[in-house]
Structures are given as structure tokens and as C-alpha cells.
Amino acid sequence: MSQNKIKTVMDKEGIERCLTRIAYEILEKNKGIENLVLVGIRTGGVHLAERLQKKISAIEGGKIPLGILDITLYRDDLSSAKKKPRLGKTKIPFSLDNKIVVLIDDVLFTGRTIRAAMDALIDFGRPKMIQLAVLIDRGHRELPIRADFVGKNLPSSLWEAVSVNLVEKNGVDEVVIKEDN
Amino acid sequence: MKFDKKDILGMKDLSVEEINLILETAESFLEISTREIKKVPTLRGKTIINLFYEASTRTRTSFEIAGKRLSADTINISASTSSVVKGETLIDTARNLEAMHPDIIVIRHSAAGAPHLLASLVKQSIINAGDGAHEHPTQALLDMMTIKEKKGRLKGLKIAIVGDIAHSRVARSNIYGLTKMGAEVLLAGPATMLPRDIDQMGVKVFNKIEDAIDGADVVMMLRIQLEREKQNIFPSLREYAQRYCLNRKNIALAKKDVIVMHPGPLNRGVEISPDIADDPSYSVILDQVNNGVAVRMALLYLLGGGHE
């Protein structure tokens, strides 16, 4: 029945290089780490955000604040969802007022998650700026949203599934594309 | 696991997995009440009716705040200011409320089974906020959340419940819930306040408070319903207090890190001495209230009106 073709489009080294480049790009664009905070979107963005935090401190010295955001309560499909998605914990233990917030997610697709994340962030304060970093941009946007930092542009079909697997969660670092048929 | 209950009527009907999901969801909701803007848009456009046939401050306020923090429209109806005083039956009231298309109805009623009757009549989700001496599931859930928060677990804990077990829906719901989660429940109270055959619920029963709280991890004191003094189930408040009040002396029998709980409102000096109730090294009474809002947000979210 399911002849799922699985293709690896990025390996461990590929992911590492992308994240290193994004870390430099974030620093270049914002001219350092002043007022900079990272917020990883649950669940795919959390480990990427942790890695970026480490890379940025390795380059610049000093530790920048890292928050975790669960966007479930801000989704636009909740009232039609018969079963409620499982809720994760949000942890943003610092003020976002006048901060440059870099939102981090694994895959940018329709843009609806990012819309929800921006609404959530604004409930936490008034950031000076919100930027978006993603490992994969697979296209098919349904909202006018664009990433500031992209690991890899990956043109995909709607019937394909793109997954980012990370050591912290899945035991292996890879980006795979699966044909769902 | 998926949560597919239409109503929350009692702890008796909830499975271990469902209880775990509710408690976990509630833990995630705690954070919202610490924000400067204590509101998320999740239940925007949903209507919640709080239908209270009995007096309540804590539970009604808690449900109202929970609904509002989720952006639902909450409406409170209390029996004394409604058509109930004109003689309208519960069934007629329910049918009329249903015609106004609410999404969730929260009900407290002095008759056991009233929420169950309502749930069988209307298509909206019903939450039992206390029915007679039967069940008060949201209180048990917030109690369990508080115990888990302080002790890290429920399984294997020794939990004493002391007071008027016979008239207490809080006790009944906690017994169902806690025994299901693997805790050991010990009851104490005068014989007139212990229902016959209560030991069949899987609990140990004592007449002396000292026997129940000996070595306990958690002591849950029940409110003595002052109006019951006339029913001759205890001779006088003073005599009750002498034998069953939790104080500095008897609390020493419990584990060193014991926590003391009370569903409120407190009768200071009757079932609990003020120095215990106000001692933050024992008392988690205000944590219970804080967790109550989170538990109710979790239930409103999980029921959430997506059951057409």
C-alpha cells in the first residue's frame, strides 16, 4: 500500500554548516548580541534554538536568553478540531519589551504556525523586532510571511512530507523528504 | 492519547490516562496566569454558562476566570436571581439555555445526579462543579495536581482525609481519583460522619484522627458543614474540634514533609487550627486555589466545544 520513498536531503554535516552560517548571519544582521533573544517554537524549533544559542555564544561570547514557545493555544484551526492537540509548556522567563526576537522553527511551510507564534509573542510584550530563522523553507505559503534566515530552500510537492530529525529527539541528524502516496 | 469525553461528570468515569492528560495539560496552563496579559485566544467566540444552584465563591470565580483567560464569554447564573425562584424546573431551565447555543455548561446543584440528567438532555458539554454529596471532580483534579506538584507523584503516597466524609463530595471524588492513581487513602471521622461500607471504595477507615495521619504524606481536612450541627451528627463544634482539629500536636505524627490541604472555606479552630492553616511549611491551601484555575482551563480547553 504505502510505497513511501524516503530521500535524505541533508545530513549531519549539512545541518551543522547551515546552523553555523545562520548564527553568523544573525550576528551580522543585528551587529552583535545586544538586546538579542532566541525563541524556539515547540517542538521542532526548540533543539535548533539551543544549538544556535551555543553557536552564538561560541562566536561572540556571552549567553543570550532562550525561550520556548508552544503555539497550540493560538492556532487558527482549534474551533474546527474535534480532538484538541496536546499542549506543551511555554517558557519565556524574560521580558520581550524592546528586544530583537529571533523566532526559530525547523520547517517553514504554510506560515500559519509563524502567524500564531507572532500573536503569542506580542502577548508577552512589545519586541523591537521579530525575525524568523528556519532550517528548511519548503514553500507553499498561505500567508504573507518570509524568513530572514534560511538553512535551505527545498522546493517540495504538497503530497510530500519534510521532516527534520535531530539527535536530541530522534537519535540522528538528517532532513528527509517522504512521498506520501 | 486522545480525549473524547463530552462531559466531565465525576472522577468515577475518568481513566488513569485521561486524568494524566488533564493534569499535564493543566500544568501547561499555569504559565498563562503569570503573564502580564493573562489571556490566550483559544476559546474566542465560545460561550460558557456557569449555572450555580448553590452558594460558591471559589469554584464559580475559578471557572469564570478560567473561561475568561481562554477568551470565552462566560455568563453566571445563580439560582437566587434566576427563574428558579419562580418555580422553573432544572429540565426547563436547561432546554431554554440550550436554545441560546452555549458551548459548555458548568453546573453546581444540591441534588446528586443533576449534572448527569443535564448531560443526557442537552448536546452541550457539561462540567459538574459539585452535585449534592456525590462528586466534585474539578476539586479532586486540582487537589491531585497540587499533590503531584509538591510530591512529584501520586502513586504510593499515604493520604489522610479527615472530617465529614458522609456529606463530602470532595472526599468522594478524591477517593475515586487517588485510589485510581495508586495512592493509599486513609479516612478518619466520627462514626456518624463515615458512610457504612465506605471501606469498599478501597480505603482504610479510622475513628481517631491520629491513626489516619500517622506517617501520612498528605493530610486533607474537610470543612465541617456548620449547618449540620442541628442534625445531631456531632454533639457540638467544641467537642468535634477537641477530637478532630488538625493542630501542632497531632501533625507531628505525620511525615516531616507532610503537606496540609483544605478545599475551603476554612472553619478556623474547628477542623484546622489557624497556625497550621497559615504555616507555609505545611499549608498548600493557596496553591490549591492557583491550580484550580489551571485545571479548569485545561478542562474547558479539552472539551472546547468541538463535539458537534
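Each chain gets a letter, A, B and so on, in the order the sequences are listed, and its residues count up from 1.
- Separating the OG1 atom in A:Thr90 from the CD1 atom in B:Ile32 is a distance of 7.5 Å, to the nearest 0.5 Å.
- Between atom OG of residue B:Ser28 and atom CZ of residue A:Arg42 there is a gap of 7.5 Å, rounded to the nearest 0.5 Å.
- Other residues, nucleotides and ligands contribute only 12 or fewer heavy atoms inside 6.0 Å of the CZ atom of A:Arg126.
- Atoms NZ and OG1, on A:Lys84 and B:Thr42 in that order, are 10.0 Å from each other to the nearest 0.5 Å.
- For B:Lys38, no part sits under 4.5 Å from any heavy atom of chain A, backbone or side chain.
- Within a 6.0 Å radius of CD in A:Glu28, other residues, nucleotides and ligands contribute 12 heavy atoms or fewer.
- Among all heavy-atom pairs drawn from B:Lys39 and A:Asp123, the shortest one is O-OD2, 3.3 Å.
- Heavy atoms closer than 4.5 Å to chain A are found nowhere in B:Leu30, neither backbone nor side chain.
- Around NZ of A:Lys91, the count of heavy atoms belonging to other residues, nucleotides or ligands within 6.0 Å does not exceed 12.
- Around NZ of A:Lys169, the count of heavy atoms belonging to other residues, nucleotides or ligands within 6.0 Å exceeds 12.
- To the nearest 0.5 Å, atom OH of residue B:Tyr301 and atom CG of residue A:Leu87 are 5.5 Å apart.
- In this structure, chain A has no heavy atom under 4.5 Å from any part of B:Glu36.
- Among A:Thr72, A:Asp76, A:Leu73, A:Asp70, the residue making the largest number of heavy-atom pairs under 4.5 Å with chain B is A:Leu73.
- Of all the heavy atoms in A:Tyr74 and B:Pro41, the pair that sits closest is CE2-CD, 3.2 Å.
- For B:Glu27, the parts lying under 4.5 angstrom from a heavy atom of chain A are both the backbone and the side chain.
- Of residues 100-121 of chain A, not one residue has a non-hydrogen atom less than 4.5 Å from any non-hydrogen atom of chain B.
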When the side chains of residues 112-119 of chain B are checked against the rest of the protein, which donor-acceptor pairs come out under 3.5 Å, sequence neighbours left out?
none

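- Applying the 6.0 Å contact sphere to NZ of B:Lys150 captures more than 12 heavy atoms from other residues, nucleotides or ligands.
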